[in-house]
Amino acid sequence: MVIYVSPNKDSEGATYDPLLKEVLTGNRNLFLTGRAGTGKTTLLKRILRATGDKSVVLAPTGLAAVNAGGQTIHSFFKFPPRLLDAADVKKMRNQRLVKTMETLVVDEISMVRSDMLQTMSDMLRLNRNDKRPFGGVRVILSGDLHQLPPIVESEVEPILHDRYGGPWFFLSQAFKDGAFRLAALKHVFRQEDERFLNVLNALRNGRLGPEEEQTLKERVSSRSPAEASETHIVLTPNNAAAWRINQQRLDEIAGVPTSYECASDGQFDERSFPTDAILDLKVGARVMLIKNDPEGRWVNGSIGTIEALGESSVFVKIDGETYRIAPQAWEKYRYDFNSDNKSVSRTVVGSFKQLPLRLAYAVTIHKSQGMTLDNVYIDFDNGMFAHGQAYVAFSRCRTLEGLELSRELRPRDIIIDRTAFAFGQLNTIANTDDYLLADMQGEAFKLE
């Protein structure tokens with residue numbers, strides 16, 4: 001069965017209210033997906049608020065887990081950092097927790113490999129003594145197959161192809177047996193310009209027509225990345241290039257930088273730090289806010305300028321208003337069984353406290369994931385090198401007018417994994433509707 005709904009578009013809440021009701025009143029496994037800027041994160045948070053203390057939130061990387069407010073898959077299941085197989089399916093110490101949980105949410109599912117999702121299902125089946133997929137736990141997978149791909153070592157890739165047909169999570173037998181429903185969000189909140197939406201859709205599908213190619217040619221800049229960083233955020237595939245531009249622009253500002261050191265505690269790996277452990281800032285430096293303000297004065301991705309530097313806090317001018325920015329805490333969690341009320345409890349096991357800022361002259365495309373930016377300069381550097389990388393970079397920008405390119409887009413910059421592309425084809429249809437809710441069967445979507 002397929003349901004199309006086109007409610008009032010005044011807000012993300014109004015747009016997806018019928019879908020939220022459908023999700024919360026049903027008990028089917030769900031694959032929540034959608035293009036960049038369609039509100040996946042907002043809807044997922046609403047689902048989590050409603051599912052209460054019987055839910056567990058996991059993610060494939062430390063940073064993704066911090067952003068989702070959950071735990072990494074590896075730490076929850078105690079998986080070793082290697083290819084997983086049947087020998088890794090074992091009894092868990094936290095069996096009471098596993099038996100109590102009713103909903104498992106996995107964010108950034110596009111980064112989860114087939115062997116991992118299969119082993120997750122097998123572990124839950126064993127430890128819940130339930131032969132159904134995922135041991136009967138309701139599973140909600142959230143992510144976009146056209147964005148971040150799974151990381152696969154060269155020696156592991158042929159094994160995954162032999163066992164599953166490839167590294168993508170949807171190739172696992174657990175996914176095929178899980179009778180997942182597709183919830184594909186359609187309404188793009190980030191961009192409104194039809195020409196730009198056409199370009200993004202073409203990039204997503206890997207097929208640019210003459211009109212889209214001409215549109216992008218008009219966005220090629222005569223400025224270098226360093227010059228463009230005066231007015232735009234430079235997005236680059238290269239970590240070293242982003243660091244070099246940020247450091248160069250900071251060095252150009254007169255005076256000695258003030259250093260702000262983080263405070264980290266417990267189980268918080270350095271690779272999961274959301275910003276620099278030692279953050280060097282100067283008055284006049286351009287910075288990006290990397291955490292939403294509870295009062296709504298700024299969001300993750302807002303740009304400002306340092307007005308003054310205090311001992312532990314700084315003053316940042318954002319959209320004409322100056323605000324005091326104090327250190328904020330990010331927390332790492334662990335799920336436990338609460339014996340008092342027989343529920344799932346979430347315990348803080350590590351924290352990272354730092355100013356919620358990073359220099360905003362340049363950022364890697366990978367770290368720009370989830371951001372919405374007004375002015376973007378895409379520095380192709382030596383070219384894109386990963387599936388979906390070009391689409392992620394272009395889709396960060398709100399408008400065509402705010403977009404500049406270091407050179408013309410080349411065919412080799414558009415890297416598409418055909419397996420993921422073929423699986424996600426249903427996401428491109430009926431894009432005038434706000435969302436699509438459909439049954440999936442086997443390896444393909446089926447419309448009844």
Considering all heavy atoms of both residues, which atom of [X] and which atom of [Y] are nearest to each other, and what is their separation?
X: R396; Y: L235; value: CG-CD1, 3.8 Å
X: W168; Y: P150; value: CZ3-CD, 3.6 Å
X: V234; Y: P225; value: CG2-O, 3.4 Å
X: D413; Y: G383; value: OD1-CA, 3.6 Å
X: L83; Y: R163; value: CD2-NH1, 3.7 Å
X: L355; Y: A326; value: CD2-C, 3.9 Å

By the definition side chain to side chain contact (heavy atoms under 4.5 Å, CB included), identify the one residue from L400, I378, I365 that meets it with F394.
I378
Residue that, paired with R398, satisfies side chain to side chain contact (heavy atoms under 4.5 Å, CB included) out of L373, T372, V376, D193
T372
Find the distance between [atom1] ([X]) and [atom2] ([Y]) and round it off to the nearest 0.5 Å.
X: F77; Y: M92; atom1: CZ; atom2: CE; answer: 5.5 Å
X: L117; Y: I73; atom1: CG; atom2: CD1; answer: 8.0 Å
X: N127; Y: D122; atom1: CG; atom2: CG; answer: 11.0 Å
X: R28; Y: L30; atom1: CZ; atom2: CG; answer: 9.0 Å
X: S229; Y: N375; atom1: OG; atom2: CG; answer: 12.5 Å
X: I318; Y: R297; atom1: CD1; atom2: CZ; answer: 8.5 Å

Could you please spell out the steps behind the side chain to side chain contact (heavy atoms under 4.5 Å, CB included) verdict for V106 and M120?
CA-CA 11 Å; V106 184; M120 289 166 63; 3.9 Å; yes
Other residues, nucleotides and ligands only: do more than 12 of their heavy atoms fall within 6.0 Å of [atom1] on [X]?
X: E194; atom1: CD; result: no
X: R82; atom1: CZ; result: yes
X: H74; atom1: NE2; result: yes
X: Q173; atom1: CD; result: yes

How would you list, by chain and number, every residue that makes a salt bridge (charged side-chain N to carboxylate O under 4.0 Å, His left out) with D379, sequence neighbours excluded?
none
Can you find a heavy atom in the side chain of F79 that is under 4.5 Å from one in the side chain of D115?
no
For D17 and R46, what are the C-alpha separation, side-chain angles and deciding distance, and is it a side chain to side chain contact (heavy atoms under 4.5 Å, CB included)?
CA-CA 10 Å; D17 274 346; R46 295 180 71 196; 2.7 Å; yes
I want to know whether F273 and F352 have ring centres closer than 6.0 Å.
yes
